[in-house]
Asker: 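Below you will find the structure I want to go over with you.
Just follow the structure's listing: the first ligand is 1, and inside any ligand the first atom is 1.
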Amino acid sequence: MMDEKDIEFEGKGLHLDGKPKGLIFAVSAPSGTGKTTLCNMLLQEFKDIKPSVSFTTRTKRPGEENGISYHFINDSEFDRMIKEDEFIEWANVFGKRYGTAYKSVFNPDRLSDILLEIDVQGVDKLIKTYNTNNKIAANRPVTIFIMPPSYEDLCERLKKRGGMDPAELDKRLNAAYEEIKKSVFYDYIVTNDDLNEAYLKLKSIVIAERCKNLQKV
Ligand code: ADP
Ligand code: 5GP
């Protein structure tokens, strides 16, 4: 029988379903699949999901804002953050470094869930960290892989998005094969064929995870 003292979280932090807020959703996809499009739809609809703003050494693209799209930092600042153990995970992606700060995922007030858009190496490191630390293991991120419907579609989408020379395009298409092999380690796979259908699946995962029963015996 559940007793009031067993409830460890504040009422204001409840989803009022099974789980307290503070869930971490980590989403990966081969570049060009539609991850950013789908994640933006999610953030638009769910105001209680906050994006984690990563740190990167890559340069800003048109329309991106420092502190919103990324924290754009130089190599020596990135080195400093690694040295001072400020990253829960970081990876080299297409020749630039990207990292998630501990402070972005540890969310002590638990008033929102957190969305990470990180690559497959990052998810791998993140899960290893959660699996080897008992204190945080209960809040292991929910991992979601967005799958392109086909190689041809992926190629088309990358071209449509533009801003990439043919060598860069090739690099991303080759990387996609390796990334898709890693999809077997994810909790969920959402194929982004029809955008609205893929979004429905993505938001259903969020809703279902929020209802997961932590009291189940
Ligand atoms: P990613 O973040 O995975 O690199 P983007 O969200 O930037 O990908 O999407 C890449 C391109 O594909 C964009 O031009 C976007 O509008 C388009 N796109 C996204 N989802 C779909 C879809 N389901 N069908 C067709 N085009 C899509
Ligand atoms: P882009 O340069 O197109 O914004 O991102 C390139 C890749 O880096 C994407 O796959 C994106 O998900 C990944 N990425 C962004 N932030 C992080 C991060 O903090 N850690 C890791 N490991 N990958 C990230």
Side-chain angles (χ1 to χ4, degrees), residues 24-44 50-73 77-78 81-82 86-105 114-129 141 143-165 168-169 171-180 182-183 185-186 189-203:
I24 301 169
F25 296 98
V27 182
S28 305
S31 179
T33 303
K35 167 169 56 71
T36 309
T37 308
L38 284 164
C39 287
N40 286 343
M41 290 166 82
L42 199 63
L43 293 170
Q44 193 62 38
K50 301 283 176 229
S52 154
V53 181
S54 296
F55 290 78
T56 184
T57 59
R58 86 149 162 77
T59 50
K60 225 191 281 175
R61 291 183 190 137
E64 287 184 330
E65 261 184 75
N66 192 26
I68 294 179
S69 319
Y70 285 102
H71 298 288
F72 295 96
I73 59 175
E77 178 62 4
F78 206 96
M81 290 182 73
I82 294 173
E86 291 188 25
F87 291 124
I88 188 162
E89 68 76 29
W90 70 270
N92 201 313
V93 189
F94 305 124
K96 296 291 173 190
R97 291 184 293 175
Y98 296 79
T100 307
Y102 276 98
K103 63 176 183 225
S104 303
V105 290
I114 294 169
L115 180 65
L116 305 182
E117 295 183 44
I118 63 177
D119 85 318
V120 292
Q121 307 169 76
V123 165
D124 191 41
K125 288 181 195 167
L126 203 61
I127 295 304
K128 284 192 178 121
T129 303
T143 57
I144 305 168
F145 191 87
I146 312 289
M147 186 75 83
S150 69
Y151 179 79
E152 289 72 24
D153 282 295
L154 184 61
C155 193
E156 274 313 303
R157 286 180 199 176
L158 277 170
K159 284 183 185 160
K160 186 175 112 193
R161 194 177 60 183
M164 220 174 282
D165 62 37
E168 188 68 21
L169 184 74
K171 202 158 56 166
R172 284 173 194 245
L173 288 171
N174 289 332
Y177 279 112
E178 296 309 312
E179 289 163 341
I180 288 168
K182 299 278 171 36
S183 64
F185 298 110
Y186 282 68
I189 295 180
V190 171
T191 300
N192 183 19
D193 191 349
D194 175 78
L195 182 64
N196 289 326
E197 204 174 300
Y199 178 62
L200 183 62
K201 291 176 185 171
L202 181 62
K203 80 183 234 188

Asker: Against heavy atoms of Gly99, which atoms of ligand 2 measure under 4.0 Å?
Answerer: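 Checking each atom against Gly99, I get 18 (C), 19 (O).
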
Asker: List every atom of ligand 2 that sits less than 4.0 Å from any heavy atom of Thr100, numbering the atoms from 1 in the order shown and giving each element.
Answerer: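 Result: 18 (C), 19 (O).
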
Asker: Is the contact between Glu64 and ligand 2 made by the side chain, the backbone, both, or neither, using heavy atoms and a 4.0 Å cut-off?
Answerer: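 Looking at Glu64 and ligand 2, no heavy atom falls under 4.0 Å.
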
Asker: Phe94 near ligand 2, heavy-atom distance under 4.0 Å?
Answerer: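 It does not, in that no heavy atom of Phe94 comes within the 4.0 Å cut-off of ligand 2.
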
Asker: Any atoms of ligand 1 less than 4.0 Å from a non-hydrogen atom of Leu195? List them with their elements.
Answerer: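 Those qualifying, in numeric order: 20 (N), 23 (N).
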
Asker: Any idea which of Glu117, Arg157, Glu197 brings a heavy atom closest to atom 11 (C) of ligand 1?
Answerer: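 Looking at heavy atoms only, the winner is Arg157.
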
Asker: Is Lys96 near ligand 2, meaning one of its heavy atoms is under 4.0 Å from it?
Answerer: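 In this structure, Lys96 fails to qualify as a contact of ligand 2 - no heavy atom is under 4.0 Å.
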
Asker: Which of these, Asp193, Ile180, Asn192, sits in a side-chain contact (heavy atoms from CB on, under 4.5 Å) with Pro148?
Answerer: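 Considering Asp193, Ile180, Asn192, a side-chain contact (heavy atoms from CB on, under 4.5 Å) with Pro148 is found only for Ile180.
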
Asker: I want to know if ligand 2 touches Glu89 in the polar sense, i.e. an N/O pair below 3.5 angstrom.
Answerer: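 Between Glu89 and ligand 2 (N or O atoms, distance only) the closest approach is under 3.5 Å.
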
Asker: Counting non-hydrogen protein atoms only, what is the nearest one to atom 3 (O) of ligand 2? Give residue, atom name and distance.
Answerer: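 Looking only at protein heavy atoms, the one closest to atom 3 (O) of ligand 2 is Arg61 NH2, 3.0 Å.
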
Asker: Show me which atoms of ligand 2 lie under 4.0 Å from any heavy atom of Arg58.
Answerer: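 Numbered from 1, ligand 2 contributes 1 (P), 2 (O), 4 (O).
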
Asker: Any atoms of ligand 2 less than 4.0 Å from a non-hydrogen atom of Gly122? List them with their elements.
Answerer: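 Per the distance check, 22 (N).
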
Asker: Under 4.0 Å from any heavy atom of Asp193, which atoms of ligand 1 are there?
Answerer: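 Answer, ordered by atom number: 22 (C), 23 (N), 24 (N).
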
Asker: Tell me which part of Phe55 gets within contact of ligand 2: side chain, backbone, both or neither, using heavy atoms under 4.0 Å.
Answerer: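 Answer for Phe55: neither.
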
Asker: Only heavy atoms of Lys35, strictly under 4.0 Å: list the atoms of ligand 2 that pass.
Answerer: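 Listed by number with element, the hits are 9 (C), 11 (C), 12 (O).
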
Asker: Give a yes/no on ligand 1: does Ser31 have at least one heavy atom closer than 4.0 angstrom to it?
Answerer: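 Checking ligand 1 against Ser31, which is what was asked, there is a heavy-atom contact under 4.0 Å.
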
Asker: Against heavy atoms of Thr37, which atoms of ligand 1 measure under 4.0 Å?
Answerer: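 Those of ligand 1 that fall under 4.0 Å from Thr37 are 5 (P), 6 (O), 9 (O), 15 (C), 19 (C).
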
Asker: Using a strict threshold of under 4.0 Å (side-chain N to carboxylate O), is an ion pair present between Lys182 and Glu179?
Answerer: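 Looking at Glu179 and Lys182, the cut-off is not met.
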
Asker: Counting each atom of ligand 2 from 1 as listed, which ones have a heavy atom of Ala91 under 4.0 Å away?
Answerer: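 Those qualifying, in numeric order: 22 (N).
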
Asker: Pick, from Val123, Val93, Leu116, Val53, the option with the minimum heavy-atom distance to atom 7 (C) of ligand 2.
Answerer: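 Looking at heavy atoms only, Val93 sits closest to atom 7 (C) of ligand 2.
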
Asker: Hey, is Lys35 touching ligand 1 through its side chain, its backbone, both or neither, going by heavy atoms under 4.0 Å?
Answerer: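 Both backbone and side chain.
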
Asker: Can the ring centroids of Phe145 and Phe185 be said to lie less than 6.0 angstrom from one another?
Answerer: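 No - the distance between ring centres of Phe145 and Phe185 does not fall below the 6.0 Å cut-off.
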
Asker: Against heavy atoms of Thr36, which atoms of ligand 1 measure under 4.0 Å?
Answerer: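 That gives atoms 1 (P), 2 (O), 6 (O) of ligand 1.
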
